[in-house]
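Written below as structure tokens is the structure these notes are about.
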Amino acid sequence: MRLHPRAHRRIRTVIPPGAARAAAPTHRRLLAREGDDAVLLTVGDDLGVLMRERCSTAELGAVVATAGPDVRWVWSDTTRWYPSILATGHIVTRCWDLRLGHALLRGSTLVPESNAAALRKAIDWDASSAEPPAASTPALFDVDDAVRGVPDDPDAVLAEFVRQQRAIEAAPERVRLRLLLAAESAGALLAVELHAAGVPWSREVHEMLLHEALGPRPAPGAAPARVRELAEVVRLALGDPAASLDSQPKLLRSLHRVGVLAQSTNRWELAEYDHPVIAPLLEYKKLTRLLSANGWAWLDEWAAEGRFRPVYVPGGVVTGRWASSGGGALQLPRQLRPAVRADEGWMLVVADVAQLEPRVLAAMSGDTALAQAARGRDLYEGIVGSGVVSTRQEAKIALLGAMYGATTGDSGRLVPALRRAYPRAMALVDAAAAIGEQGGVVTTWLGRSSPPADARWHQIQAAAGEPDATDSDRTHARRSARDRGRFTRNFVVQGTAAEWALAWLADLRGRLAAMPTVDAAARAPASGPVFGARAHLAFFLHDEIIVHTPADHADAVARAVRNSAARAGTLLFGEFPLDFPLDLRIAVDASK
DNA sequence: AATACAAGCGCG
DNA sequence: AAAGCGCGCTTGTATT
């Protein structure tokens, strides 16, 4: 790396300071790179550059801090810029993530086509996946788009910002798009912060849980005692001391030999057979799963320092949900939740939204009957109370079936009753399914659109319409159309729920940042210099959050969590009469 | 030996 | 007890 000339150690202002002062408080500032330096562009309402500054990247944290909390930093990609700024101890309050913005706007049906086309043309987003999908490609859609880059040089950053700004301003629903971009960008900041802060994790509790379930930690390469014992019991029941339990084909053959004629080794199917081998085998599978997914090796690799730090991937799911990579953050088994444990003198505020997706569906469809059923704490009980179905379990299955597109089984059987009781809500998901089946694009409440049907999908549909089409072609086409219909049916609901959750998080993040810090002795050092000093979000999973907070602030945090949920509701749905009740607990650990 | 795929199971 | 959306991860097997 090149050393910077002394002159670069201080910000060099190119525009006279007077103009800069006038511009600074209200205007967005773009960050770009030139060699090893960062370039800062202050942009006016007319999108003209008011000021151009330059500093070394090492000084960026200080520059951000000096600029104050009212600036919205516009940059190519939060994952590229924010970690190093945060590492110097500075929180960025607002940003505009151009990569995420591009991914949203280039495909949104709310953006006028000429603007969307301009965005697509400017950045060759999917250059490497432009060829028609190979015949073997099973995916219905491709999320690679979201991970491609926006260039970092000043001209490109400014040009992309201008394109995105114009795309939004040209849209009749610009208020929604602005909200979506702001929420998505706040999520990008939070994802970096969650990784830095980490989930407080008790090695002691985790080891105790493993010991209880599996026995003492075995030598490397050996199976734990409890697993070995169960394997013996299973092999005895199979009448084969050498039976292999970890290879599906071999296990299936062994099962067949003792009369268990299952088609697969999945546990739901195995559970249907009445044979002495079943119970110990299911227990064996459960324990080996715990061992391989979240055993001692996982603990050593992911939570050794008292924090679990997964990498969150905002926008990583087509619907707008977050994905994660590393450590399986989205799959922490409930069994291990007691290991999520606050530091000494700290508490956890654990909150999840009750039935988020059906509530969101009620609001977006304007279905006041469903909203009425949701008025109490439990939406499913509300449906039972309206006499639509007779048990809570039926209400749940029916509603999930309606949102997922179930056609058979208990779920499919109950959907018609729901359709009669809540015609507006059901019409919304049915319409989304119909559009998907025809190859169309659907859009969430704030403007995230589903990916269009790919070339392979169209090819399958076209083949079924040819004169020489076989029954198999037609069946294939119909199935593929319905698959896509179920996807778009769920997309609008899951995607809007993700938007609600982002709005909740973004608002809460702001409230937590405003909370007081604690003195040195009361800090949680493992959460880092910034978050170890105050209440901070520690975990997020679709509709639930965990805040790690100094014990004295727990009540205030709980109020903030509730207030933010209420705020998210009005931000998205205005005065529509619907609340989003939380199940909220203040506790030392995250177990139920 | 390296890579791709499918099954299975964890989460919402 | 599951058949219907969205994921990530591990394991064993098949492919190269």
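Throughout, protein chains are lettered first and strands after them, A, B, ... in sequence-line order, and every chain is numbered starting at 1.
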Salt bridge flag under 4.0 Å for residues [X] and [Y]:
| X | Y | value |
| --- | --- | --- |
| Asp300(A) | Arg203(A) | yes |
| Asp77(A) | Arg99(A) | yes |
| Arg341(A) | Glu204(A) | no |
| Arg392(A) | Asp378(A) | yes |

Does [X] reach a base, just sugar-phosphate, or nothing at all? Heavy atoms under 4.0 Å.
| X | value |
| --- | --- |
| Gly327(A) | sugar-phosphate |
| Glu269(A) | nothing |
| Ile397(A) | base |
| Thr407(A) | sugar-phosphate |
| Asp352(A) | nothing |

Value in whole Å for how far the [atom2] atom of [N] lies from [atom1] of [X]:
| X | N | atom1 | atom2 | answer |
| --- | --- | --- | --- | --- |
| Phe491(A) | dG6(C) | CZ | C1' | 11 Å |
| Lys396(A) | dA1(C) | NZ | C1' | 13 Å |
| Leu414(A) | dA2(C) | CG | C1' | 13 Å |
| Met403(A) | dA3(C) | CE | C1' | 15 Å |
| Arg482(A) | dA3(C) | CZ | C1' | 15 Å |
| Leu251(A) | dT11(C) | CG | C1' | 13 Å |
| Leu418(A) | dG4(C) | CG | P | 17 Å |
| Leu290(A) | dT11(C) | CG | C1' | 16 Å |

- Any side-chain N or O of Ser292(A) under 4.0 Å from OP1/OP2 of dC9(C)? no

- Specify the closest pair of heavy atoms between Ala342(A) and His548(A), including all atoms of both residues, with the distance to one decimal. CA-NE2, 3.7 Å

- Message: I need the minimum non-hydrogen distance between Val415(A) and Ala402(A), along with the two atoms involved.
- Response: CG2-N, 3.9 Å

- Message: Is the ring pair Trp500(A)/Trp504(A) parallel, tilted or perpendicular, if the boundaries are 30 and 60 degrees?
- Response: tilted

- Query: Parallel, tilted or perpendicular: which describes the rings of Phe308(A) and Trp302(A), with under 30° parallel and over 60° perpendicular?
  - Reply: perpendicular

- What string of B, S and - do you get for nucleotides 7-12 of chain B, 5' to 3', if B is base contact, S is sugar-phosphate-only contact and - is no contact with any protein heavy atom under 4.0 Å? SBBBBB

- Query: Does any donor atom in the side chain of Ser449(A) or Thr443(A) lie under 3.5 Å from an acceptor atom in the other side chain?
  - Reply: yes

- Could you verify whether a donor N or O on one side chain and an acceptor N or O on the other, from Glu193(A) and Tyr82(A), lie under 3.5 Å apart? yes

- Near DNA chain B, which residues from residues 305-312 of chain A have a heavy atom under 4.0 Å away? none

- Using Watson-Crick and G-U wobble pairs whose two distances are both under 3.5 Å, how do you write the pairing of DNA chain C as dot-bracket, with | for links to another strand? ....||||||||||||

- Query: Rounded to the nearest 0.5 Å, how far apart are CG of Leu582(A) and CD of Glu544(A)?
  - Reply: 12.0 Å

- Mind running side-chain hydrogen bond (donor to acceptor under 3.5 Å, both in side chains) on Ser185(A) and Asp97(A) for me, showing each step along the way? CA-CA 5 Å; Ser185(A) 296; Asp97(A) 186 300; 6.0 Å; no

- If each of Ala406(A) and Asp410(A) is mapped to the nucleotide of DNA chain C with the nearest heavy atom, which maps nearer the 5' terminus, i.e. the 5' end? Asp410(A)

